[in-house]
S.K.: 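Dropping the structure in here first, questions after.
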Protein chains: 2
Amino acid sequence: MAHGSGTGASLADVAKLAKVSTQTASRVANGSDAVRPDTRKRVLAAMAELGYRPSFAARSLRAGNYRSIGLSMSGDMSATGRRYQLEGITTAAARQGYAITLQQLADDAATLGEASRRMVSLPVDGQILYLGATPPDFATFEPPQALPTVIISTQHHPYCATISNDQMGCSVSIVDHFIQRGHREIRFVGGRRESYANISRQKGWEQALRMRGLHVVEPLHGDWTADSGYEIGMQLASDKSCTAIYASNDAIAVGIIYALRDAGLRVPQDVSVIGVDDSLVGLIPHLELSSYRFNDAQVGALAFDLATNPPEGKEPPHILVPGTLVERSTVALANR
Amino acid sequence: MAHGSGTGASLADVAKLAKVSTQTASRVANGSDAVRPDTRKRVLAAMAELGYRPSFAARSLRAGNYRSIGLSMSGDMSATGRRYQLEGITTAAARQGYAITLQQLADDAATLGEASRRMVSLPVDGQILYLGATPPDFATFEPPQALPTVIISTQHHPYCATISNDQMGCSVSIVDHFIQRGHREIRFVGGRRESYANISRQKGWEQALRMRGLHVVEPLHGDWTADSGYEIGMQLASDKSCTAIYASNDAIAVGIIYALRDAGLRVPQDVSVIGVDDSLVGLIPHLELSSYRFNDAQVGALAFDLATNPPEGKEPPHILVPGTLVERSTVALANR
DNA sequence: TGAGAGAATGTTAACGTTAACATTCTCTCA
DNA sequence: TGAGAGAATGTTAACGTTAACATTCTCTCA
């Protein structure tokens with residue numbers, strides 16, 4: 001009885017049909033050159049006839065590894081960023097000849113402990129945990145000692161390697177970009193207050209302003225949509241002191257720009273705007289939005305590396321991957 | 001020597017430490033209730049002490065299956081649609097307690113044969129092949145007999161189950177929607193001519209028009225971007241006979257709408273526009289674009305079902321999953 | 001107290017593969 | 001032709017688990 005369709009043949013079956021030992025059949029299966037051409041041909045023919053499929057289970061039982069990395073995700077895997085990180089992981093895996101064992105968790109089971117508990121019995125040599133920004137058991141989680149574990153998280157963890165986009169660095173880059181162009185009052189328009197991305201971007205913005213000795217004006221908040229950005233843009237349009245706006249995603253940035261223009265202001269001549277995610281390329285006519293682009297592919301690739309080659313030291317590493325500010329046409333020199 | 005970190009313990013080690021047989025240790029590992037509480041406790045303690053991790057390889061060698069489905073992808077996994085299908089697959093898998101073994105192929109290795117050849121030696125009970133629209137060896141590919149194989153493709157295959165979004169159905173829905181609102185001349189604005197999505201949507205549009213006895217005007221083509229849509233919109237604005245435009249993606253639709261408005265026409269009062277993908281929700285202020293939304297989650301879920309429960313019959317099934325037209329505010333009754 | 005039943009635990013063998021070693025074959029060269 | 005070398009092929013054992021069966025323990029009840 002074999003895997004899959006239930007009719008598969010083993011090497012023993014192949015060997016019997018080809019009138020050789022299983023070892024010789026194994027040698028053919030693994031491309032050893034210590035087999036005479038006619039013997040090889042006979043074995044190959046037997047394999048084809050029986051539809052032989054090597055048993056992954058038996059092979060890895062012998063080999064002691066799986067050449068696969070586990071990845072646990074929860075929630076919306078197609079959210080911006082997430083999907084590129086997933087792509088970064090699978091691409092790095094493909095390059096090393098690894099497969100990815102993907103495990104989707106229902107939102108109500110999305111804890112590090114549960115993800116890890118399930119992954120432990122799957123065929124993986126290491127695991128990457130990519131749940132929400134901060135899973136409920138983040139602080140108390142202890143990784144299984146037999147499985148190198150990497151958490152994609154902006155926070156440092158006592159036992160596991162962690163990696164994520166540098167949210168604070170994003171804010172610093174944007175604030176500095178504005179400052180270098182003469183802006184002094186740099187507004188922050190966040191998304192939903194409670195979201196992790198919002199909190200850390202806002203914190204970064206505040207810190208950057210303080211570090212540079214600039215005034216921190218009360219931030220405003222939308223709900224990540226363009227319409228909420230539009231409303232906020234209308235408020236900001238009447239505020240003459242506002243020359244630079246850091247919108248915490250692109251949709252809000254677009255909303256703000258449309259509102260400012262509807263209110264008779266020019267972007268970027270009167271007000272400069274920068275968004276985050278660089279998610280609008282080619283989507284909106286005649287809008288070249290300056291935006292901060294995270295390097296999600298690299299986050300994924302490094303997470304994979306950490307899982308396959310766990311670093312030796314006592315302290316687990318915490319890696320923040322910087323992105324880049326893509327300069328387009330919505331930022332100008334401050335003119336007042 | 002164990003899997004992963006190379007220090008793991010086997011059930012035999014656990015059993016020795018707990019002073020029981022491996023079978024009793026196995027019973028504890030599998031939650032059998034035929035173990036005395038104090039024995040169970042001793043075994044559990046030994047497991048914890050040794051960091052015991054069950055061997056997937058040994059278990060599936062015995063069980064004869066893996067409870068995992070292989071998924072081969074190539075190219076941009078984050079493209080619209082693709083990611084939702086991936087999500088559909090993983091969600092269905094999670095519900096059944098299956099894992100997904102994801103294999104990313106480099107574009108130059110993205111043939112069905114190569115994907116399948118590699119997957120055959122991974123721990124999967126079935127496979128889903130999701131490469132481009134029509135991989136180069138689509139016609140000649142023969143699936144391994146030991147591995148139920150599903151191809152995500154708009155085309156029928158002689159040996160494998162196939163499934164995809166109903167691209168033709170999309171066109172029919174959109175054309176009928178326009179017709180029901182009195183439109184007679186329904187224009188098609190495609191994306192890149194050679195792309196599969198473009199070809200099949202255009203074909204569906206032509207067929208639907210012919211079926212309804214309507215005039216087929218020469219289609220126009222952009223490159224999927226909003227800017228290309230804007231250019232085409234400017235051409236269409238001067239054509240008084242044009243009251244209904246089927247844009248083959250949302251970005252082009254947006255470009256067209258902006259151009260029409262800049263040319264002094266009203267959308268939808270003067271010209272109605274429908275896009276495809278429903279990808280703009282919340283992204284553009286004050287634009288409620290009617291758009292055809294594919295049911296990617298269902299495509300993924302059904303692909304998973306086909307891979308786990310291959311249908312018996314002689315002819316492999318070919319499933320086209322219908323989407324829905326999401327009516328918003330860019331379609332009105334024809335007024336001329 | 002001692003038989004008997006049923007619960008708890010143990011032993012054996014097998015899943016399919018391949019490393020390590022053992023044997024047999026084939027060919028070359030004196 | 002026959003020894004010897006090296007190529008080709010074969011045998012054995014082990015990876016870790018668990019089903020099937022075997023044995024031992026524990027408790028109840030006459």
Side-chain angles (χ1 to χ4, degrees), chain A residues 1-4 6-44 46-47 50-67 120-125 146, chain B residues 1-4 6-44 46-47 50-67 120-125 146:
Chain A
M1 218 42 172
H3 301 283
T7 57
S10 72
L11 267 185
D13 301 325
V14 170
K16 193 191 287 179
L17 182 61
K19 300 202 169 39
V20 296
S21 69
T22 55
Q23 184 57 233
T24 296
S26 166
R27 277 189 267 256
V28 172
N30 291 285
S32 156
D33 54 0
V35 181
R36 280 224 312 265
D38 57 323
T39 311
R40 176 190 312 279
K41 202 175 293 179
R42 235 167 48 238
V43 174
L44 253 18
M47 285 178 170
L50 297 173
Y52 170 70
R53 182 183 162 208
S55 161
F56 173 89
R59 278 187 172 171
S60 21
L61 183 58
R62 289 239 42 183
N65 66 23
Y66 298 112
R67 292 195 76 76
V120 139
S121 55
L122 294 181
V124 297
D125 301 327
Chain B
M1 221 38 173
H3 300 281
T7 56
S10 72
L11 267 186
D13 301 325
V14 170
K16 193 189 288 179
L17 183 61
K19 298 203 170 32
V20 295
S21 69
T22 55
Q23 185 57 232
T24 296
S26 167
R27 278 189 267 258
V28 172
N30 291 285
S32 157
D33 54 359
V35 180
R36 283 222 310 265
D38 57 322
T39 310
R40 177 191 311 280
K41 201 176 291 180
R42 235 170 45 240
V43 173
L44 254 17
M47 285 178 172
L50 297 173
Y52 170 70
R53 182 186 163 208
S55 162
F56 172 89
R59 279 187 170 171
S60 22
L61 184 58
R62 290 238 41 182
N65 66 23
Y66 299 113
R67 292 195 77 75
V120 139
S121 55
L122 294 181
V124 297
D125 301 326

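Note that this is a predicted model, so its numbers are computed, not measured. Lettering of chains follows the sequences in order, A, B, ..., and the numbering in each one begins at 1.
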S.K.: Nearest whole angstrom, please: distance from the P of D:dA8 to the CZ of A:R42.
M.R.: 14 Å
S.K.: Assuming nearest nucleotide by heavy-atom distance, tell me which of A:Y52 and B:D38 is located more 5' along DNA chain C.
M.R.: B:D38
S.K.: Of all the heavy-atom pairs spanning A:A9 and A:L50, show the shortest one and how long it is.
M.R.: CB-CB, 3.7 Å
S.K.: Counting distance only, does the side-chain N/O of A:S60 pair as donor-acceptor with the main-chain N or O of A:A63 below 3.5 Å?
M.R.: no
S.K.: Within this structure, what is the CZ-to-C1' distance between B:R53 and D:dG16, rounded to whole angstrom?
M.R.: 13 Å
S.K.: Please check the phosphate of D:dT9 (OP1 and OP2 only) for any side-chain N or O of A:T39 closer than 4.0 Å.
M.R.: yes
S.K.: Mind calculating the distance between CZ (A:R59) and C1' (D:dT17) to the nearest angstrom?
M.R.: 20 Å
S.K.: Among residues 16-23 of chain B, which ones have heavy-atom contacts with DNA chain C below 4.0 Å?
M.R.: B:V20, B:S21, B:Q23
S.K.: Please set out all donor-acceptor pairs under 3.5 angstrom arising from side-chain atoms of residues 26-35 of chain A, sequence neighbours excluded.
M.R.:
residue	atom	partner	partner atom	Å
A:N30	ND2	A:S26	O	2.8
A:S32	OG	A:A34	N	3.1

S.K.: Whole angstrom is fine here: how far is it from CG in B:L61 over to C1' in D:dT17?
M.R.: 8 Å
S.K.: Work out which heavy atom in A:A15 is nearest to a heavy atom in A:A25; give both atom names and the distance.
M.R.: CB-CB, 4.2 Å
S.K.: Quick one: OG1 on A:T39 to CG on A:L44, what's the gap to the nearest 0.5 Å?
M.R.: 11.5 Å
S.K.: Compute the angle between the rotation axes at the two ends of the helix from C:dT1-D:dA30 to C:dA30-D:dT1, each taken over five pairs, rounded to 10 degrees.
M.R.: 50°
S.K.: Can you tell me the distance, in whole Å, between the CG atom of A:L11 and the P atom of D:dA13?
M.R.: 20 Å
S.K.: Closest to the B:P54 side chain: D:dT17, D:dT9, C:dG16?
M.R.: D:dT17
S.K.: On a plain distance test, is the side chain of A:R27 in donor-acceptor contact with the base of D:dG10 below 3.5 Å?
M.R.: yes
S.K.: Answer yes or no: is there a side-chain heavy-atom contact under 4.5 Å between A:M47 and A:L11?
M.R.: yes
S.K.: Look at the side-chain N and O atoms of B:T24 and state whether any lies under 4.0 Å from the OP1 or OP2 oxygen of C:dT9.
M.R.: no
S.K.: Answer with base, sugar-phosphate or nothing: what part of the nucleic acid does B:R62 contact at a heavy-atom distance below 4.0 Å?
M.R.: base
S.K.: Nearest 0.5 Å, please: how far is CZ in A:R59 from CG in B:L61?
M.R.: 13.0 Å
S.K.: Give me the atom names and distance for the closest heavy-atom approach of B:R42 to B:K19.
M.R.: NH2-O, 3.6 Å
S.K.: Whole angstroms only, please: what is the CG-P distance between A:N65 and D:dG16?
M.R.: 13 Å
S.K.: Describe, in one word, how the ring planes of A:F56 and B:Y66 are oriented to each other, choosing from parallel (under 30°), tilted (30 to 60°) and perpendicular (over 60°).
M.R.: perpendicular
S.K.: In whole Å, what is the span from the OH atom of A:Y66 to the P atom of D:dG16?
M.R.: 10 Å
S.K.: Return the value, rounded to whole Å, for the distance between atom CG of B:N30 and atom P of D:dT17.
M.R.: 10 Å
